[in-house]
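Heads up, the thing below is written out as structure tokens.
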Protein chains: 2
Amino acid sequence: MDKILDIDNVDLKIISLLNQDAKTPYTEIAKKVFVSSGTVHVRMRKLEDMGVVKSATLNIDFSKLGYDISAFLGIYLEKSSLYDNVIEMLKQIPEVINAYYTTGNYSIFAKIICKDTNHLRTVLDNIQKVDGIDRTETLIVLEESINRPIQFFDK
Amino acid sequence: MDKILDIDNVDLKIISLLNQDAKTPYTEIAKKVFVSSGTVHVRMRKLEDMGVVKSATLNIDFSKLGYDISAFLGIYLEKSSLYDNVIEMLKQIPEVINAYYTTGNYSIFAKIICKDTNHLRTVLDNIQKVDGIDRTETLIVLEESINRPIQFFDK
DNA sequence: TCAGTTATTTGGATTAAATCTAAATAAAAT
DNA sequence: ATTTTATTTAGATTTAATCCAAATAACTGA
């Protein structure tokens, strides 16, 4: 039984609109999707219950809050079996925003956010110290040229 | 005149709470921050006007919508001066969610989301076809182990 | 220090939206 | 065709957003 089958174009339209602005009132969504606002409620509750919509978050301009540096880290492990342990350690470092298990050379691929170069230095130091990490490669983000939500298509 | 100076701990607390759940009513935020709900409104409007808070978006489980593959792409350009042109071309490809100018070997670092391996294949083909792109390296995401918002600290 | 000025916060009044529910409609099953 | 089940709808009620004038607090310059 595939969850995707339970999702129709009305759901996709609702998700798509709310993904552009999660604060749009359901009454307004309702008008655009040509259903009642009650239906929007029912559909959203369904999507939340299904775990399709996990939460709503703010899209923040971090540089305006003094977080001027973000970077991707390619992390090499001493042994790939250490993955879970290292992830647990990385969770302790608040500057680590994302971490992925990916194909390719890196054992872990992560994203961090820092205030400035000094901050970056200390974060990198802390990450290097993590047991099981061999070495890291740093890709510092100089410019974010594209950042947008998925555009869904009809089923 | 630094924008960061205009942001105090009340702002940070509000952003932090709404970043966890952007749909939390301002009345509830107000209680937690020990100010009136009017103040939460005023502060949020200020933050929006300043461009600190750009929008609110949904946190979606894409695999439950049939988008099972995400991948990072390291893109090598024939000449780095082609950056802007290539970015414009990448904007035409809806599967490209993010693109960055980064330090390191890659000229462009991008993230894409696809339904399945076939879809990935066609997207990669389309990207390879873009004028100015020399070659690409693909890091397919097999697991997302950490995905969380920034945790802000007091000033 | 103090009066004048400006900015911020507050609480209440109004408007708007979320939420709930029962009835209506539609879809599916036998 | 009829019953069962699920979905949608349109009020009714509760709750929150928004607006605004008054109160408070924070600055300013002499």
Side-chain angles (χ1 to χ4, degrees), chain A residues 1-66 149 152-155, chain B residues 1-61 64-66 149 152-155:
Chain A
M1 183 58 176
D2 195 344
K3 295 201 163 181
I4 302 164
L5 298 177
D6 295 337
I7 293 166
D8 63 12
N9 285 335
V10 172
D11 294 315
L12 286 181
K13 196 82 202 293
I14 292 171
I15 291 176
S16 184
L17 289 167
L18 285 173
N19 205 26
Q20 287 164 51
D21 179 5
K23 299 223 75 180
T24 314
Y26 288 1
T27 48
E28 199 177 311
I29 301 292
K31 278 179 211 155
K32 290 181 179 167
V33 185
F34 302 106
V35 293
S36 72
S37 71
T39 298
V40 178
H41 274 271
V42 170
R43 296 304 189 95
M44 276 304 286
R45 187 161 48 228
K46 179 190 75 175
L47 290 164
E48 282 161 9
D49 291 346
M50 288 171 76
V52 173
V53 173
K54 290 185 283 187
S55 64
T57 61
L58 299 181
N59 185 203
I60 294 167
D61 184 335
F62 293 111
S63 73
K64 291 199 172 139
L65 286 178
F152 297 105
F153 309 101
D154 288 351
K155 295 188 80 172
Chain B
M1 183 60 178
D2 195 343
K3 294 202 164 180
I4 300 164
L5 298 178
D6 296 336
I7 293 166
D8 64 11
N9 285 334
V10 172
D11 295 315
L12 287 181
K13 196 81 204 293
I14 292 170
I15 291 177
S16 186
L17 289 168
L18 284 173
N19 205 25
Q20 287 164 51
D21 179 6
K23 298 222 77 181
T24 314
Y26 287 1
T27 48
E28 199 178 314
I29 302 291
K31 280 179 208 155
K32 290 182 178 167
V33 185
F34 302 107
V35 293
S36 73
S37 69
T39 298
V40 178
H41 273 272
V42 171
R43 296 303 189 97
M44 278 302 289
R45 186 161 48 228
K46 178 191 76 176
L47 290 164
E48 283 161 7
D49 290 347
M50 286 171 75
V52 172
V53 174
K54 290 185 282 186
S55 63
T57 60
L58 300 182
N59 185 202
I60 293 167
D61 185 335
K64 291 197 172 140
L65 285 178
F152 297 105
F153 308 101
D154 288 351
K155 296 189 82 173

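Chain identifiers are assigned alphabetically (A, B, ...) following the order of the sequence lines, protein sequences preceding nucleic acid strands; residue numbering begins at 1 within each chain.
Rounded to an integer number of Å, the gap from NZ of B:K23 to C1' of C:dA18 is 9 Å. Rounded to whole Å, the distance from NZ on B:K31 to C1' on D:dA16 is 11 Å. Between the CD1 atom of A:I14 and the P atom of D:dT7 there is a distance of 14 Å, given to the nearest Å. One interatomic measurement links the two molecules: OH of A:Y26 to P of D:dT15, which rounds to 18 Å at whole-angstrom precision. Between the CD atom of A:E48 and the P atom of C:dA18 there is a distance of 12 Å, rounded to whole Å. Rounding to whole angstrom units, CD of residue A:E28 and P of C:dA17 are separated by 8 Å.
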Would you tabulate the nitrogen or oxygen pairs shorter than 3.5 Å linking the protein to nucleotides 22-25 of chain C?
none

Nucleotide N/O to protein N/O under 3.5 Å, stretch nucleotides 23-28 of chain D:
none

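Across B:A56 and B:A22, no two heavy atoms sit closer than the pair CB-CB, 4.2 Å. Looking at every heavy atom in both residues, A:T57 comes nearest to A:S55 through CG2-OG, 4.0 Å.
The one candidate from A:N9, A:V33, A:V53, A:T24 that meets the side chain to side chain contact (heavy atoms under 4.5 Å, CB included) condition with A:I14 is A:V33.
Counting only heavy atoms from C-beta outward, the side chains of A:P149 and A:N19 approach each other to under 4.5 Å. Residues A:F152 and A:I7 form no side-chain contact, since every pair of their non-hydrogen atoms from C-beta on lies 4.5 Å or further apart. Contact annotation: the side chain of A:F34 never approaches that of A:V10 to less than 4.5 Å [non-hydrogen atoms, C-beta and beyond].
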Return all side-chain donor-acceptor pairs below 3.5 angstrom for residues 39-48 of chain A, not counting sequence neighbours, or 'none' if the list is empty.
residue : atom : partner : partner atom : Å
A:T39   : OG1  : A:S36   : OG           : 3.2
A:R43   : NH1  : A:D8    : OD1          : 2.9
A:R43   : NH1  : A:D8    : OD2          : 3.1
A:R43   : NH1  : A:D11   : OD1          : 3.1
A:R43   : NH1  : A:D11   : OD2          : 3.4
A:R43   : NH2  : A:D8    : OD2          : 3.3
A:K46   : NZ   : A:D6    : O            : 2.9
A:K46   : NZ   : A:D11   : OD1          : 3.4
A:K46   : NZ   : A:D11   : OD2          : 2.7

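Between the two ends of the helix from C:dT1-D:dA30 to C:dT30-D:dA1, each summarised by a five-pair axis, the helix axis turns through 40° (rounded to 10 degrees).
Put simply, CG on A:L17 and CG on B:L58 are 10.0 Å apart, with the number rounded to the nearest 0.5 Å.
The stretch residues 38-45 of chain B comes close to DNA chain C through B:G38, B:T39, B:R43, each having a heavy atom under 4.0 Å from the strand.
The salt bridge (Lys or Arg N to Asp or Glu O under 4.0 Å) contacts involving residues 13-31 of chain B comprise B:E28-B:K32, where partners must be two or more places apart or lie in separate chains.
Taking the side chain of B:T27 as heavy atoms from C-beta on, and the options D:dA10, C:dA17, D:dA17, the nearest nucleotide is D:dA17.
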